[in-house]
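So you know, we letter chains A, B, ... as the sequences are listed, proteins then strands, and number each from 1.
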Amino acid sequence: MTRDKEEKRRQALCINDHVDILLEILKRLDGRSLCTAACVCRLWRALATADSVWEHLCLRRIASPGSSVRPVVSALGGHRRLYMLCVRHLLTRLGRDPGSSSAWDELQLSLSLFCVDYYERLGGRFGDTAATSSLMFLCKPVNV
Amino acid sequence: MGPSSTSHAGTGKLIPPFPPQTQLDGLLAGAGYKVRSSDLHLVAQRLESLESAMVSSPSHVVSHLASDTVHYNPADLVSWVDSLLSELTHSHHHPSNPSSSSSSSSTSPPSRPLPVDLDDLFSVPSDAINWVQSEMPLSQQPPPPPPPPQQLTVVTTMEEDSGIRLVHALMTCAELVQRGDLHLAGALVDEMTALLTSINTECGIGKVAGYFIDALSRRIVGAGSVPAPPHETEILYHHFYETSPYLKFAHFTANQAILEAFEGYDCVHVIDFSLMHGLQWPALIQALALRPGGPPLLRLTGIGPPSPDGRDTLREIGLGLAEVARSVNVRFAFRGVAASRLEDVKPWMLQVNPNEALAVNSIMQLHKLLGPDPTPIESVLSWIRGLNPKIVTLVEQEVNHNQTGFLDRFTEALYYYSTVFDSLEAACQIQPDKALAEMYLQMEICNIVCYEGAARVERHEPLAKWRDRFNRAGFRPLHLGSNAFKQASMLLMLFSTEGYSVEENEGCLRLGWHSRPLIAASAWQASPGPLPLPLPMGADDYWNDD
């Protein structure tokens with residue numbers, strides 16, 4: 001009896017054994033779910049915090065982003081940071097009126113804001129409080 | 001009258017009278033309003049007469065009604081409309097006592113025109129509030145066009161009476177100052193300071209009035225504000241950049257225009273008339289890095305005040321920007337030009353190469369050149385034209401603060417900065433950053449009110465005047481495209497979904513708050529043909545042969 005059960009358990013699918021499938025699933029998640037996934041176990045954390053997954057998330061709505069975007073984003077801090085700092089706020093706030101701006105326009109704006117943030121982090125000459133505060137208007141709740 | 005149900009003697013049961021709910025109109029009840037079905041036609045009539053009364057009333061009365069906390073329970077629609085009507089007709093006859101007829105049944109916390117605590121006060125369901133707001137547009141916006149000089153577009157608190165008196169007092173004081181009657185003006189300042197204690201100075205008219213009273217008193221006493229050292233100004237500027245959309249709007253719009261003008265060129269040169277912390281340029285560097293066909297060689301020449309105590313701040317900023325450019329693989333070269341005034345800059349200092357595409361960028365700088373005769377603006381514009389730039393980006397405040405008459409200037413400034421402070425409230429509530437941003441604006445207010453002559457540098461002029469100047473100097477307009485417009489709209493939506501607006505006007509973009517324009521961005525290119533000779537224009541006729 002127990003040997004049957006053991007046999008069955010061995011044949012059951014363990015997702016952690018199929019990293020490529022796991023990656024495909026993670027690529028389709030939204031930001032919040034991805035962050036939650038990163039809390040599950042070490043493997044999931046490693047996969048869910050990899051920049052390539054977040055790159056998928058950032059560029060999901062873009063038809064053909066071109067090859068030049070990735071190196072720029074990586075140099076400025078990575079796609080995960082880009083998403084957390086800029087893209088997700090744009091998605092929520094500009095999402096109310098989807099027809100008004102294209103996903104590429106939104107990405108451009110995100111990249112510009114992201115670059116200003118990178119520049120400020122480089123600085124540190126403006127005192128401690130001013131570091132990365134140029135994007136704080138994105139973090140506060142919107143006064144509707 | 002006994003219950004009619006006693007006629008059903010046969011059953012011996014008393015059928016209770018109709019419960020009160022069934023007498024109410026069902027549709028309105030769903031929206032949270034209690035109106036008896038039999039009263040509906042009365043309500044309709046009263047709403048009509050309320051509308052005509054509101055239209056014909058002086059708008060400060062109406063805005064008092066609409067902007068304050070609700071005095072009466074709006075759920076009881078009949079008596080609410082009645083009370084509004086009676087208050088309007090009463091106030092119409094006694095315009096000096098707008099608040100005398102208001103019931104003091106609710107003491108509100110001094111609040112903004114859109115009290116989000118309306119729910120707490122009256123537990124009206126939120127869709128009912130939306131209904132009210134859509135029917136009474138005045139509760140959302142200040143009285144629209146165009147306010148006669150004695151009224152202000154910002155009216156917020158229960159102490160609206162004091163607010164209006166304060167504005168009148170400010171105008172009177174300014175007039176006294178213009179006439180030279182400083183003694184009386186000083187006495188009035190004391191009175192106004194006392195009046196300030198009775199209104200809320202945390203927001204709205206109280207706060208703005210406080211700054212103007214301060215500036216007036218400095219002018220009367222003769223002690224202008226000590227100009228802040230450039231380092232401090234830069235810190236305030238930085239906070240102003242962070243907490244409000246104006247500078248971001250300026251930077252992003254100018255960058256978009258420059259990006260489009262640089263299309264196809266491999267060597268590009270940007271001259272920034274006021275580098276500050278260089279916050280405008282990382283975004284341009286990144287956009288150039290991503291442009292199809294690869295980035296050009298970018299040269300940036302930044303003009304700024306000489307730094308105290310031996311530091312070379314310009315060079316430090318340049319190093320930071322170079323680091324950004326290096327990270328995204330854009331060939332970059334920086335050059336700093338230290339000059340305490342823009343008119344001291346000479347074109348040879350900028351080392352412009354004739355083979356490169358040149359962009360000249362001026363964010364709220366050129367108005368400083370509109371000083372008293374001989375005004376340097378014409379000569380500066382002519383040497384800019386002489387450099388043959390591909391594009392000149394100009395962003396300026398959209399208001400006239402350069403009138404010769406003090407009272408006119410003061411009045412314009414009062415309205416303009418009231419609107420600006422109003423919009424600042426919506427953009428940022430985080431202290432102390434907002435306070436620092438306000439200090440930046442306060443510096444401008446002080447300069448406009450306290451100074452005359454060469455010391456007064458905040459000489460804002462509206463876009464129409466700049467158009468004339470640029471046309472005379474040999475430029476023609478370059479239309480800001482739809483990309484700039486889209487980007488600006490998105491940016492403003494990020495700050496606040498209500499209130500900010502971008503409008504396009506003859507190829508220029510204007511950022512406004514509730515349709516009052518605040519900042520205008522435009523772009524210019526050199527007109528083809530020989531450089532125009534200066535026309536004899538009286539005081540402007542000054543040709544610098546350098």
Side-chain angles (χ1 to χ4, degrees), chain A residues 64-77 82 86 89-97 99-127 129-144, chain B residues 112 114 116 234-235 238-239 241-245 247-248 251-252 255-256 277-287 289-292 294-295 311 313 316-317 319-321 323-324 326-330 425-430 432-433 483 486-487 489-491 493-499:
Chain A
S64 47
S67 55
S68 49
V69 177
R70 182 186 300 157
V72 169
V73 178
S74 304
L76 299 179
L82 172 65
C86 308
H89 296 293
L90 263 79
L91 280 179
T92 42
R93 293 186 197 183
L94 302 182
R96 299 161 208 252
D97 192 10
S100 59
S101 52
S102 73
W104 181 241
D105 293 331
E106 288 177 17
L107 184 67
Q108 299 271 54
L109 185 58
S110 293
L111 286 171
S112 298
L113 293 169
F114 193 49
C115 200
V116 180
D117 167 72
Y118 174 74
Y119 175 64
E120 286 185 311
R121 276 185 290 128
L122 272 186
R125 67 177 65 86
F126 312 140
T129 54
T132 74
S133 45
S134 151
L135 294 188
M136 76 178 175
F137 76 98
L138 286 177
C139 303
K140 66 147 179 70
V142 176
N143 183 20
V144 177
Chain B
R112 303 278 308 141
L114 302 179
V116 292
E234 286 179 4
I235 292 182
H238 196 106
H239 281 92
Y241 176 84
E242 288 163 9
T243 56
S244 57
L247 290 175
K248 287 197 175 76
H251 291 176
F252 282 28
N255 282 348
Q256 184 64 34
H277 287 162
L279 288 165
Q280 179 173 355
W281 306 115
L284 181 68
I285 294 173
Q286 169 262 312
L290 286 180
R291 78 169 187 179
R311 284 175 60 204
T313 23
E316 284 173 24
I317 309 270
L319 285 176
L321 291 171
E323 180 60 31
V324 174
R326 193 196 57 80
S327 307
V328 297
N329 273 322
V330 174
E425 285 289 331
C428 169
Q429 288 91 23
I430 310 171
D433 306 280
N483 284 329
K486 269 191 290 184
Q487 190 182 69
S489 311
M490 282 195 290
L491 185 67
M493 280 249 287
L494 291 178
F495 271 90
S496 167
T497 49
E498 282 287 322

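Atoms OG and CD, from A/Ser112 and B/Gln256 in turn, are 8.5 Å apart once rounded to the nearest 0.5 Å. A distance of 5.0 Å separates CD in B/Gln286 from CG in A/Leu111, rounded to the nearest 0.5 Å. B/Gln487 contributes atom CD, which lies 8.0 Å from atom CD of A/Gln108 (distance to the nearest 0.5 angstrom). Rounding to the nearest 0.5 Å places NZ of B/Lys486 at 5.0 Å from OG of A/Ser102.
Heavy atoms closer than 4.5 Å to chain A are found in both the backbone and the side chain of B/Leu321.
Among all heavy-atom pairs drawn from B/Leu494 and A/Arg93, the shortest one is O-NH1, 2.6 Å. In terms of heavy-atom proximity, A/Val72 sits nearest to B/Ala289 at CG2-CB, 4.2 Å. When all heavy atoms are compared, the tightest approach of A/Leu109 to B/Leu491 is CD2-N, 4.1 Å. When all heavy atoms of A/Leu122 and B/Glu323 are compared, the closest pair comes out as CD1-CG, 3.4 Å. The two atoms that bring A/Ala75 and B/Ser327 nearest to each other are CB-O, 3.1 Å, heavy atoms only.
Between A/Leu90 and B/Met493 there is no side-chain heavy-atom pair separated by less than 4.5 Å. Using a 4.5 Å heavy-atom threshold, the side chains of A/Tyr118 and B/Val328 count as separate. Under the 4.5 Å side-chain criterion, counting only non-hydrogen atoms from C-beta, B/Ile285 is not in contact with A/Cys115.
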